[in-house]
Amino acid sequence: MSTESIEDAVFKALANGKRRQMLDAIKAAPLTTRALCEKFPDMDRCTVMQHLKVLEEADLVIPRREGRERWNHLNALPIQAIHDRWISRYAGHAMNVLSALKDELKG
């Protein structure tokens, strides 16, 4: 998979609020799929699994099977890659523009 298509998958996964909430839920520690379903009672198991599939395709969730349980682990590396590629570069530029504006307004 190319870097661009991986980034697209990460952006697609993060574009949905429920998926971001799911990532927040497993940030501190991995959860079983059952535990995730319990945290999101407004969604049925099938919907939770569909969201997990999108997160897996973006490599944001790494599932591990232990017996009959499936543990969902957060993989934050794709988010870090997005930050490094997009956010940090543009944040630096934005700070330079704001600094120049501040200097202009003072001067």
Side-chain angles (χ1 to χ4, degrees):
M1 191 180 277
S2 73
T3 301
E4 187 174 306
S5 59
I6 292 169
E7 286 179 354
D8 288 346
V10 173
F11 278 115
K12 175 186 174 185
L14 295 175
N16 183 279
K18 286 291 183 189
R19 289 193 284 266
R20 291 191 305 271
Q21 290 174 10
M22 292 172 84
L23 292 175
D24 286 340
I26 63 173
K27 183 170 53 175
L31 293 174
T32 63
T33 300
R34 173 180 286 184
L36 274 173
C37 289
E38 290 169 359
K39 284 195 172 282
F40 297 94
D42 57 320
M43 293 190 294
D44 60 29
R45 183 177 178 82
C46 183
T47 304
V48 170
M49 292 298 295
Q50 287 173 340
H51 283 300
L52 283 172
K53 183 175 192 272
V54 173
L55 292 168
E56 284 177 52
E57 289 170 354
D59 200 28
L60 292 166
V61 168
I62 300 171
R64 298 277 188 248
R65 289 220 174 261
E66 290 182 21
R68 294 182 62 185
E69 292 182 324
R70 172 192 150 119
W71 287 86
N72 300 286
H73 299 258
L74 173 66
N75 178 19
L77 291 176
I79 297 170
Q80 181 66 47
I82 293 293
H83 176 270
D84 293 347
R85 166 69 173 90
W86 292 96
I87 298 167
S88 64
R89 287 185 187 178
Y90 290 98
H93 175 71
M95 291 306 297
N96 290 338
V97 169
L98 289 173
S99 179
L101 178 60
K102 180 182 172 185
D103 292 344
E104 188 175 312
L105 290 173
K106 282 184 177 179

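The residues of the chain are indexed from 1 along the displayed sequence. Remember, it's a predicted structure, so these values are computed and weren't measured experimentally.
Taking all atoms of both residues into account, the shortest heavy-atom contact from Lys18 to Asn16 is N-OD1, 2.9 Å. Heavy atoms only, all atoms of each residue included: Ala9 and Glu57 are closest at CB-O, 4.2 Å. When all heavy atoms of Leu14 and Arg20 are compared, the closest pair comes out as O-NH1, 2.6 Å. A pairwise comparison of heavy atoms in Ala13 and Ala58 identifies CB-CB, 3.9 Å as the closest pair.
In the hydrophobic cluster analysis, where Ile, Leu, Val, Met, Phe, Trp and Tyr join through side-chain heavy atoms closer than 4.5 angstrom, Ile62 is grouped apart from Met22. Note on Phe40 and Leu55: same hydrophobic cluster, where clusters join Ile, Leu, Val, Met, Phe, Trp and Tyr whose side-chain heavy atoms are under 4.5 Å apart, directly or indirectly. By the criterion of side-chain heavy atoms lying less than 4.5 angstrom apart, applied directly or through intervening Ile, Leu, Val, Met, Phe, Trp or Tyr residues, Val54 is not grouped with Leu31; the two fall into different hydrophobic clusters.
Contact annotation: the side chain of Lys39 never approaches that of Gln21 to less than 4.5 Å [non-hydrogen atoms, C-beta and beyond]. Here the side chains of Glu7 and Trp86 are in contact, with some heavy-atom distance below 4.5 Å. Annotation: side chain of His73 is in contact with side chain of Arg64 (closest heavy-atom distance under 4.5 Å). Residues Met49 and Lys53 fail the side-chain proximity criterion, which asks for heavy atoms closer than 4.5 Å.
Using a cut-off of 4.0 Å between Lys/Arg side-chain N and Asp/Glu carboxylate O, Arg70 and Glu56 are scored as salt-bridged.
Between Arg19 atom CZ and Asp24 atom CG the span is 14.0 Å, to the nearest 0.5 Å. In this structure, the separation between CD1 on Ile79 and CG on Asp84 is 12.0 Å, given to the nearest 0.5 Å. In this structure, Ile6 CD1 and Ile82 CD1 are separated by 9.5 Å, a value rounded to the nearest 0.5 Å. Between the CZ atom of Arg34 and the CZ atom of Arg45 there is a distance of 7.5 Å, given to the nearest 0.5 Å.
For the side chain to side chain donor-acceptor pair (under 3.5 Å) test, no residue two or more places apart in sequence or in another chain qualifies with Glu104.
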Under the criterion side-chain hydrogen bond (donor to acceptor under 3.5 Å, both in side chains), I'd like the reasoning laid out for Asp44 against Thr47: C-alpha separation, chi angles, the key distance, then a yes or no. CA-CA 5 Å; Asp44 60 29; Thr47 304; 2.7 Å; yes

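Side-chain atoms of Thr33 and Asn72 include a donor-acceptor pair closer than 3.5 Å.
When Leu52, Ile26, Leu23, Leu77 are each tested for a side-chain contact (heavy atoms from CB on, under 4.5 Å) with Leu60, only one passes: Leu23.
Proximity of a side-chain donor or acceptor of Asn75 to a complementary backbone N or O of Val61 within less than 3.5 Å is not detected.
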